[in-house]
**Student:** 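For reference, the structure I am asking about is given below.
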Amino acid sequence: MIQVKDKTFILFLDEKTIQKRITEIGNQISRDFENRDPVMIGVLNGSFMFLSDLSKNITIPTEITFLKISSYEGEKSTGIVKNLIGLDSELKGRNIIIVEDIVDTGLSMLHLIDQLKKTNPASISLATLLHKPEALKHNIQLDYVGFEIPNKFVVGYGLDYDGYGRNIPEIYQLKL
Ligand code: IMP
Ligand code: MG
């Protein structure tokens with residue numbers, strides 16, 4: 001058990017389990033995007049650790065960039081997605097791979113995919129480490145999913161509770 005601010009969390013996914021799955025996804029993306037010159041877009045802040053480890057398992061040439069959006073405050077979605085840092089890459093005709101920490105309601109990805117479509121890319125794919133199927137409210141295509149998890153709040157491995165817990169190398173689930 002660990003404590004992050006005022007809440008207690010229980011171990012849910014250990015480092016070895018996470019890394020093994022990321023290697024599999026990396027191999028799959030490397031096969032699927034061979035000769036397609038993909039651009040991986042990490043969604044800040046939560047995806048920094050996933051993108052870091054995932055990119056080390058990509059064996060084909062790939063561009064890597066980031067953008068920043070925010071919809072969460074504390075442990076709840078606000079229902080409003082804010083653009084905090086925009087894109088600096090030319091995406092027209094490119095094969096985009098969005099790299100996200102978690103798809104919860106799907107609102108953030110719906111909003112982002114809509115925006116990215118306006119840049120006329122060749123394709124948009126989505127890789128997310130975590131997905132809460134029970135929380136999904138929007139019709140989003142999830143191309144690469146690390147783990148489907150129950151609808152409970154999690155921290156660690158990039159995911160935060162009120163800004164804390166991102167540096168924890170494992171994923172922990174809120175103790176109720
Ligand atoms: P959505 O827009 O509801 O899909 O929320 C997606 C964003 O909310 C993710 O990119 C995370 O940053 C954050 N989020 C959703 N669920 C959790 C969680 O269990 N722990 C930490 N952050 C979460
Ligand atoms: Mg996020």
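Just follow the structure's listing: the first ligand is 1, and inside any ligand the first atom is 1.
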**Student:** Are Ile60 and Leu51 linked, directly or through intermediate hydrophobic residues, by side-chain heavy-atom contacts shorter than 4.5 Å (ILVMFWY only)?
**Tutor:** yes
**Student:** Within the structure, is a non-hydrogen atom of His111 found at a distance of less than 4.0 Å from ligand 1?
**Tutor:** no
**Student:** Please state which part of Met109 comes within less than 4.0 Å of ligand 1, counting heavy atoms only: side chain, backbone, both or neither.
**Tutor:** neither
**Student:** Taking side chain to side chain donor-acceptor pair (under 3.5 Å) as the test, write out the residues that go with Glu148, two or more places apart.
**Tutor:** none
**Student:** Side chains of Asn95 and Ser123 only: does a donor on one sit below 3.5 Å from an acceptor on the other?
**Tutor:** yes
**Student:** Report, in ascending order of atom number, the atoms of ligand 1 lying under 4.0 Å from any heavy atom of Ser108.
**Tutor:** 1 (P), 2 (O), 5 (O), 6 (C)
**Student:** Near Asp160, which atoms of ligand 1 are under 4.0 Å from a heavy atom of that residue?
**Tutor:** 21 (C)
**Student:** Tell me whether Val155 reaches ligand 1 (any heavy atom closer than 4.0 angstrom to a ligand atom).
**Tutor:** no
**Student:** What is the minimum heavy-atom distance between Ile140 and Ile113, and which atoms define it?
**Tutor:** CG2-CD1, 4.2 Å
**Student:** Please indicate whether Asn139 has more than 12 foreign heavy atoms, meaning atoms of other residues, nucleotides or ligands, lying under 6.0 Å from its CG.
**Tutor:** no
**Student:** Out of Ile149, Ile102, Val43, whose heavy atom is nearest to atom 9 (C) of ligand 1?
**Tutor:** Ile102
**Student:** Under 4.0 Å from ligand 1, counting heavy atoms only, is it the side chain of Asp101, its backbone, both or neither?
**Tutor:** side chain
**Student:** Please work out whether any backbone atom (N, CA, C, O) or any side-chain heavy atom from C-beta onward of Thr105 is under 4.0 Å from ligand 1, and answer side chain, backbone, both or neither.
**Tutor:** both
**Student:** Does Val154, backbone or side chain, put an N or O under 3.5 Å from an N or O of ligand 1?
**Tutor:** yes
**Student:** Can you sort out the partners of Lys20 under salt bridge (Lys or Arg N to Asp or Glu O under 4.0 Å), two or more places apart, ordered by chain and number?
**Tutor:** Glu24
**Student:** Could you check if a side-chain atom of Lys175 sits within less than 4.5 angstrom of a side-chain atom of Phe9, using non-hydrogen atoms only?
**Tutor:** no
**Student:** Could you tell me whether ligand 1 has any atom less than 4.0 Å away from a heavy atom of Gly46?
**Tutor:** no
**Student:** Identify, by atom number and element, the atoms of ligand 1 in contact range of Lys132, meaning under 4.0 Å from any of its heavy atoms.
**Tutor:** 16 (N), 17 (C), 18 (C), 19 (O)
**Student:** Does an N or O anywhere in Gly106 fall below 3.5 Å from an N or O of ligand 1?
**Tutor:** yes
**Student:** Flag yes if Leu11 and Leu174 sit in one hydrophobic cluster, no otherwise; membership is Ile, Leu, Val, Met, Phe, Trp, Tyr, and two members link when side-chain heavy atoms are under 4.5 Å apart.
**Tutor:** yes
